[in-house]
Amino acid sequence: MENFRRIVAVHSLTSSRASEYDQKVAPALKQIATTRGVEFVEIPLNKVPYFEAVQMVRETLKDDDVLFGAGGDGVNQVTLQGLFESKKQVVAGFLPLGNANDFASALNGSIKNPTKILTSKTLDFHPLELTINRRIKFYVAAYATFGITTVAVDWLNSEPARDTRQRRPRRSPVASLRPSALGQLSRNINALSLPVWRRDGLTYRDDSIGFFLTPAAKGLLHPPGVGNFLARDDFFFHFDKVRGRSSNNSWFGKSLVAGRWATFGLPGVVSDYEELEFLPASDLSIHVGGDTVSLSDVRTVTAERASDAVKIFVPRQ
């Protein structure tokens, strides 16, 4: 990108690779800003609530900025939503510096060099517009989940798992879980209270629900004939029942379900519009990218690709 006025970087002080941002990424961005004669602005996030983080990004941006999300899926999610809500003329790039990096990896492949990202092609990206009770909206970069998946990701984002990842960044999030965590994870899954929900006139008791735009979760999506959702008008809607799949509801049985997902792909369908009705309306947690947000009295959830778009760098194109 030739002409821009500022470089804005969103980063997390607690991400699994925060030291990489401090030691490599920030100096590289500052050098680019100095060479171009533009301002370098940082938005540091330290356990900032989701909508507050989105507001920080939205209110910082100006026309002709270049925006970098430098973190895991949580940082990149609030970066994308803040950009989308700002309505500013901005181009964004994303760097994989977190516990999980599905969105940035889908865009960049193995490229993490800011200079290479700045000189790469751009794409008009339409996020997934998720509307709760007809009024609360998330603009989803990669994926949003309810139920079992949310419980599991909360464990992967726990402090012990993050501490292990910071010490051993090459270890996968799942490998960072202590063996003692598996039993508690299984008990949390069994204790989950996800209400039944209705879709297309049918009632479901599935306890794992998800909406995915990119090949998120690294290899879990294998719908026939679909490679990458970035430039498509549809998305992948996942639903499945996990509890009660094994004797005694043990963690071992749930591990078999996870293994089946990893081997054969998440069950679900490619869709361009979904409307779910929860029976009865309930308080639920939604996991959006890397953040879990508590929602009150959820009655309906609708999902569709947003009609508006934002410009993002896509080095792997």
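Across all non-hydrogen atoms, the minimal contact from Ala141 to Phe125 is O-CZ, 3.5 Å. Val75 and Ser12 make their closest contact through CG2-CB, 3.6 Å (heavy atoms, listed as atom of the first residue, atom of the second, distance). Pairing each heavy atom of Arg299 with each of Ala281, the nearest pair is CG-CB, 3.2 Å. Scanning both residues, Ala144 and Leu130, for their nearest heavy atoms gives CB-CD2, 3.8 Å.
Salt-bridge check for Glu275 with Arg134: passed, with a basic side-chain N closer than 4.0 Å to an acidic carboxylate O. Electrostatic pairing of Arg5 and Asp64 counts as a salt bridge here, judged by a charged N lying under 4.0 Å from a carboxylate O. Taking a cutoff of 4.0 Å between a charged side-chain nitrogen and a carboxylate oxygen, Glu274 and Arg199 qualify as a salt bridge. Using a 4.0 Å cut-off between a side-chain N of Lys or Arg and a carboxylate O of Asp or Glu, Lys241 and Asp207 do not qualify as a salt bridge. Of the charged side-chain nitrogens involved, at least one lies within less than 4.0 Å of a carboxylate oxygen, so that Lys311 and Asp124 count as a salt-bridged pair.
Rounding to the nearest 0.5 angstrom, the gap separating the OG1 atom in Thr302 from the CD1 atom in Ile132 is 7.5 Å. Note that CG of Leu202 and CZ of Arg198 are 9.5 Å apart. Values are rounded to the nearest 0.5 Å. Taken to the nearest 0.5 Å, the OG1 atom of Thr115 stands 8.5 Å off from the CG atom of Leu29. Rounded to the nearest 0.5 Å, atoms CD (Glu277) and CG (Asp200) are 12.0 Å apart. Between Asp233 atom CG and Glu304 atom CD the span is 11.5 Å, to the nearest 0.5 Å. Here the CD1-OG distance, from Ile286 to Ser294, works out to 11.0 Å after rounding to the nearest 0.5 Å.
Listed for the Asp65 side chain is no donor-acceptor partner under 3.5 Å among the backbone atoms of Val8. Asp73 contributes no side-chain N or O that, together with a main-chain N or O of Gly290, makes up a donor-acceptor pair within less than 3.5 Å. A donor-acceptor contact shorter than 3.5 Å is absent between the side chain of Ser282 and the backbone of Leu284. A side-chain donor-acceptor contact under 3.5 Å links His287 to the backbone of Gly289. Side chain of His11 to backbone of Ala70: no donor-acceptor contact under 3.5 angstrom is found. At distances below 3.5 Å, not a single donor-acceptor pair connects side-chain atoms of Asn108 with backbone N or O atoms of Ser105. In this structure a side-chain-to-backbone donor-acceptor pair under 3.5 Å is missing from Asp291 to Val288.
Residues Leu194 and Val196 do not share a hydrophobic cluster, clusters being chains of Ile/Leu/Val/Met/Phe/Trp/Tyr side chains in contact below 4.5 Å. Hydrophobic clustering of Ile, Leu, Val, Met, Phe, Trp and Tyr side chains at less than 4.5 Å, counting indirect connections, keeps Ile209 apart from Leu279.
Contact annotation: the side chain of Leu97 approaches that of Val25 to within less than 4.5 Å [non-hydrogen atoms, C-beta and beyond]. Side-chain contact between Leu80 and Val78 is absent, with no heavy-atom pair separated by less than 4.5 Å. Using a 4.5 Å heavy-atom threshold, the side chains of Gln77 and Thr79 count as separate. Phe51 places a side-chain heavy atom less than 4.5 Å from the side chain of Val293. Contact annotation: the side chain of Leu95 never approaches that of Asn76 to less than 4.5 Å [non-hydrogen atoms, C-beta and beyond]. In this structure the side chain of Val140 never reaches within 4.5 angstrom of the side chain of Pro127, judged on heavy atoms. Proximity of Leu83 to Leu61: side-chain heavy atoms (C-beta onward) are separated by under 4.5 Å at one or more points. Side chains of Arg6 and Val38 form no contact here, defined as non-hydrogen atoms less than 4.5 Å apart.
For the side-chain contact (heavy atoms from CB on, under 4.5 Å) with Tyr143, the lone residue among Phe236, Phe212, Phe235 that qualifies is Phe212. The residue from Val91, Val66, Asn113 that alone fulfils the side-chain contact (heavy atoms from CB on, under 4.5 Å) condition with Leu118 is Val66. Exactly one of Gln55, Lys137, Arg58 qualifies for a side chain to side chain donor-acceptor pair (under 3.5 Å) with Glu85. That residue is Arg58.
Listed by chain and number, the residues in a ring-ring contact (aromatic ring centres under 6.0 Å, His included) with Phe68 amount to none (sequence neighbours excluded). By the salt bridge (charged side-chain N to carboxylate O under 4.0 Å, His left out) test, Asp283 is found to be paired with no residue, residues two or more places apart in sequence or in another chain being considered. The ring-ring contact (aromatic ring centres under 6.0 Å, His included) search around Tyr204 returns Trp197, Phe239, not counting sequence neighbours. For Gln31, the side-chain contact (heavy atoms from CB on, under 4.5 Å) criterion is met by Thr35, not counting sequence neighbours.
With hydrogens and angles left out, the side-chain atoms of Ser307 and His126 include no donor and acceptor closer than 3.5 Å. Between the side chains of Tyr21 and Glu42, a donor-acceptor pair is found at a separation under 3.5 Å. A donor-acceptor pair shorter than 3.5 Å cannot be found between the side chains of Tyr273 and Asp234.
Pairs engaging residues 18-34 under the salt bridge (charged side-chain N to carboxylate O under 4.0 Å, His left out) rule: Glu20-Lys112 [sequence neighbours left out]. Each ring pair (Phe, Tyr, Trp, His ring centres under 6.0 Å) pair with one or both residues in residues 70-98, not counting sequence neighbours, appears once here: Phe84-Tyr139, Phe94-Phe103.
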What do the steps show when you test Thr122 against Ile312 for side chain to side chain contact (heavy atoms under 4.5 Å, CB included), and what is the final call?
CA-CA 5 Å; Thr122 61; Ile312 60 177; over 6 Å; no

Report the C-alpha distance between Val301 and Thr131 in whole Å, list the side-chain angles of each, state the deciding distance to 0.1 Å, and finish with yes or no for side chain to side chain contact (heavy atoms under 4.5 Å, CB included).
CA-CA 6 Å; Val301 175; Thr131 305; over 6 Å; no

List the steps, then state whether side chain to side chain contact (heavy atoms under 4.5 Å, CB included) holds for Thr14 with Asn46.
CA-CA 6 Å; Thr14 58; Asn46 186 11; 3.4 Å; yes

Mind running ring pair (Phe, Tyr, Trp, His ring centres under 6.0 Å) on Tyr50 and Phe138 for me, showing each step along the way?
CA-CA 10 Å; Tyr50 182 87; Phe138 296 90; 5.6 Å; yes

Yes or no on salt bridge (Lys or Arg N to Asp or Glu O under 4.0 Å) for Asp63 and Lys88, after CA distance, side-chain angles and deciding distance?
CA-CA 5 Å; Asp63 286 334; Lys88 300 296 185 182; 5.1 Å; no

Could you go through the side chain to side chain contact (heavy atoms under 4.5 Å, CB included) check for Asp240 and His238 one step at a time?
CA-CA 7 Å; Asp240 196 13; His238 153 71; 3.8 Å; yes

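More than 12 heavy atoms of other residues, nucleotides or ligands sit less than 6.0 Å from atom NZ of Lys87.
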